[in-house]
Amino acid sequence: MLTTQKEVLDIALAWQGSRALLAAVELNLFSTVGEGSTAAEIAERVGTDTRCTERLLNVMVTLDLMSKQGEVFINGPAASQYLVPDGNDYLSMLHHTAFTYRNWGALDQAVRAGTSTISTAWDSDEHRDAFIEAMHRRSRGDAENLVNSLDLSGVDHLLDVGGGSGAYSIALCQANKGIKSTVLDLPGVTQLTRKYVAEAGLSERIGTREGSYLETEFGAGYDLVLFSAIVHINSEQENQFLMHKAFEAVNPGGVIAVHDFIMSEDRLTPAKGAMFALNMIVNTRGGDTYTKGEISGWLMDAGCETLHSTRTGEMTSMLTARKPLA
Ligand SMILES: C[S@@+](CC[C@H](N)C(=O)[O-])C[C@H]1O[C@@H](n2cnc3c(N)ncnc32)[C@H](O)[C@@H]1O
């Protein structure tokens, strides 16, 4: 437990550093610095006020993201690797993080109302595309864990609900040459799915179905229905509905797989999952992080049996359940 005033103030003011970093990202300061530039040069290139830009750059120096030699600012190693868009390790997710910051400012209102009080939709096509790209990079990074957590024997056709870029469908199809997949996602996203799938050379095996998973028919005849990073977007009732839909769509003997943050029953562990629940409260109508007991309950209520759980990451697990043969 904390005991000092300083510890309390450190938490209370931590947002200032994070907001300064996000502002620098949104203003493209890291990519504009180049091999080293003055505040006046950077301000001219990005169209900002020179004095305020200099003060923001100074804070990047105090955060150890840049150095300052005389009047010249230079990216440090972490900024060059993670904050400049041309590298493989670029944190494209930060543009989405900057967007969600606006909703976090209304956390008290959301807690009063029991739901996000401002629009949760993507505010532009660029924002949608950047989010899907960020998800793609993240999912590519941990695809091996996901593939290893699933028994793919007997799987011919996969339904990847809210599959985004198709990163996991791509990994599953690459791991098992017999699999074909359908990625269901929102209008606007499936065109991106098709682009990523074509880049992977898998357009003949991975197709798309466009619409909201809450309204669009899933179809039938799947051996595996995957919900990866989907249940946290939805309310408990919506997830119960989705598991019933998946149960109808999957073949007897087939599997429904839920890959997500899985909370301890007291909802305190992992701590990042407890924080992520607030992220869902401010950014969705009814999203949350759920416990193993809750997710298992939805799968069992839908009619599944033989539940299996595998840890796939620091905060994530795969819960699979089978539809009985008869
Ligand atoms: C957090 S991303 C997960 C993407 C992918 N499944 C993964 O694990 O990397 C959530 C995905 O769900 C999609 N999505 C959100 N709401 C949806 C809805 N109502 N119907 C269909 N897709 C939806 C988003 O477009 C996005 O691709």
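Everything quoted here is computed from the prediction, not taken from an experiment. For ligands, and for the atoms within them, numbers begin at 1 and follow the listed sequence.
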Practice item. Output yes when Glu314 and Lys272 qualify as a salt bridge under the 4.0 Å nitrogen-oxygen rule, no when they do not. Key: yes
Review point. When the ring planes of Phe99 and His127 are compared, do they come out parallel, tilted or perpendicular, using 30° and 60° as the limits?
Key: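 Phe99 vs His127 ring planes: tilted.
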**Study point:** Residues in contact with ligand 1, criterion: heavy atom under 4.0 Å
**Key:** Trp122, Ile132, Met135, Arg138, Ser139, Gly162, Gly163, Gly164, Tyr168, Asp185, Leu186, Val189, Gly211, Ser212, Tyr213, Ser228, Ala229, Ile230, Ile233
Practice item. Assess Lys323 against Phe247: is NZ or CZ under 6.0 Å from the centre of the six-membered ring, and within 45 degrees of the ring's axis? Key: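 Here Lys323 passes the 6.0 Å and 45° test against Phe247.
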**Study point:** Neighbour count >12 (heavy atoms, 6.0 Å) for atom CD, Glu71
**Key:**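 No - once you tally the heavy atoms of other residues, nucleotides and ligands closer than 6.0 Å, there are 12 at most.
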Review point. When you check the side-chain N and O atoms of Glu215 and Ser212, is any donor under 3.5 Å from an acceptor?
Key: no
Practice item. State the CG-CD distance between Leu21 and Gln16, to the nearest 0.5 angstrom. Key: 14.0 Å
